[in-house]
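Inspection log for the structure reproduced underneath, given as structure tokens.
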Amino acid sequence: MNDKIESMRPLSSALPGALAELLRGAPLSPGKVAFAWRAAVGPALERETSVRLEGGTLIVDAATRQWASEVRRASSTILRRMDTLLGPDTVKELQVRERRT
């Protein structure tokens with residue numbers, strides 16, 4: 001019985017892969033891109049940014065210079081996560097801008 005318990009993995013370890021499979025199978029839309037963005041960066045960064053995909057460029061409008069810097073700093077990780085969620089080469093580059101208010 002202990003062998004079965006030890007070989008079980010927590011559900012949370014399967015969720016990222018399952019989420020990626022579901023997202024990749026759905027048609028590309030602004031809602032899908034926004035959902036993938038939130039999954040890739042988390043709720044705090046998602047609240048301070050807005051995104052849209054134009055061609056292969058993900059345009060990120062950040063609320064402040066500091067948030068724009070944070071996105072730039074994490075851009076390689078973000079791109080890797082977006083590739084996992086949306087499929088390879090969906091997002092080819094990230095363009096970060098500070099929102100004009």
Side-chain angles (χ1 to χ4, degrees):
M1 177 117 162
N2 279 344
D3 290 339
K4 288 183 181 178
I5 292 173
E6 288 177 19
S7 67
M8 293 177 68
R9 293 185 335 190
L11 181 60
S12 61
S13 70
L15 287 177
L19 177 62
E21 286 301 313
L22 287 170
L23 275 176
R24 282 191 296 244
L28 192 59
S29 68
K32 178 179 172 176
V33 172
F35 186 85
W37 176 252
R38 183 182 173 98
V41 302
L45 188 52
E46 187 264 342
R47 273 192 305 275
E48 301 298 331
T49 57
S50 62
V51 295
R52 70 181 183 283
L53 187 61
E54 292 184 3
T57 302
L58 186 66
I59 299 170
V60 181
D61 289 315
T64 65
R65 181 178 299 134
Q66 289 80 13
W67 284 112
S69 293
E70 183 65 22
V71 173
R72 285 184 192 100
R73 183 193 63 74
S75 63
S76 63
T77 299
I78 292 168
L79 283 170
R80 202 168 43 253
R81 290 177 181 171
M82 294 297 281
D83 269 358
T84 298
L85 293 166
L86 297 177
D89 297 323
T90 301
V91 178
K92 294 182 176 94
E93 71 174 305
L94 201 88
Q95 184 181 84
V96 184
R97 306 183 308 193
E98 186 180 334
R99 251 187 236 145
R100 305 287 183 227
T101 55

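Applying the salt bridge (charged side-chain N to carboxylate O under 4.0 Å, His left out) rule to Glu70 yields the partners Arg73; only residues at least two apart in sequence or on another chain are considered. Partners of Glu46 by side chain to side chain contact (heavy atoms under 4.5 Å, CB included), not counting sequence neighbours, listed by chain and number: Trp37, Arg38, Val41. Looking at residues two or more places apart in sequence or on another chain, you find a side chain to side chain contact (heavy atoms under 4.5 Å, CB included) between Glu54 and Arg52, Ile59. Remark: Leu79 pairs with Val91, Leu94 by the side chain to side chain contact (heavy atoms under 4.5 Å, CB included) rule, at least two apart or across chains. Residues satisfying the side-chain hydrogen bond (donor to acceptor under 3.5 Å, both in side chains) test with Arg97, not counting sequence neighbours, are Asp61.
One distance of note links CD1 of Ile78 with CG of Leu58; it measures 8.5 Å at 0.5 Å rounding.
Applying the side chain to side chain donor-acceptor pair (under 3.5 Å) test to pairs two or more places apart or on separate chains, those with a residue in residues 85-95 are Thr57-Glu93.
Shown here for Ser50 and Arg99, the closest heavy-atom pair between the two residues is N-NH2, 3.1 Å. Across all non-hydrogen atoms, the minimal contact from Ala68 to Ala62 is N-CB, 3.4 Å. Closest non-hydrogen pair, Met82 versus Ala40, comes out as SD-CB, 3.8 Å. Between Ala36 and Leu85 the shortest heavy-atom distance is O-CD1, 3.4 Å. Taking both residues in full, the closest heavy atoms of Ala44 and Trp67 are given as O-CH2, 4.3 Å, listed atom of the first, atom of the second, then distance.
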Can you check side-chain contact (heavy atoms from CB on, under 4.5 Å) on Glu48 and Thr64, steps first, answer last? CA-CA 8 Å; Glu48 301 298 331; Thr64 65; 5.6 Å; no
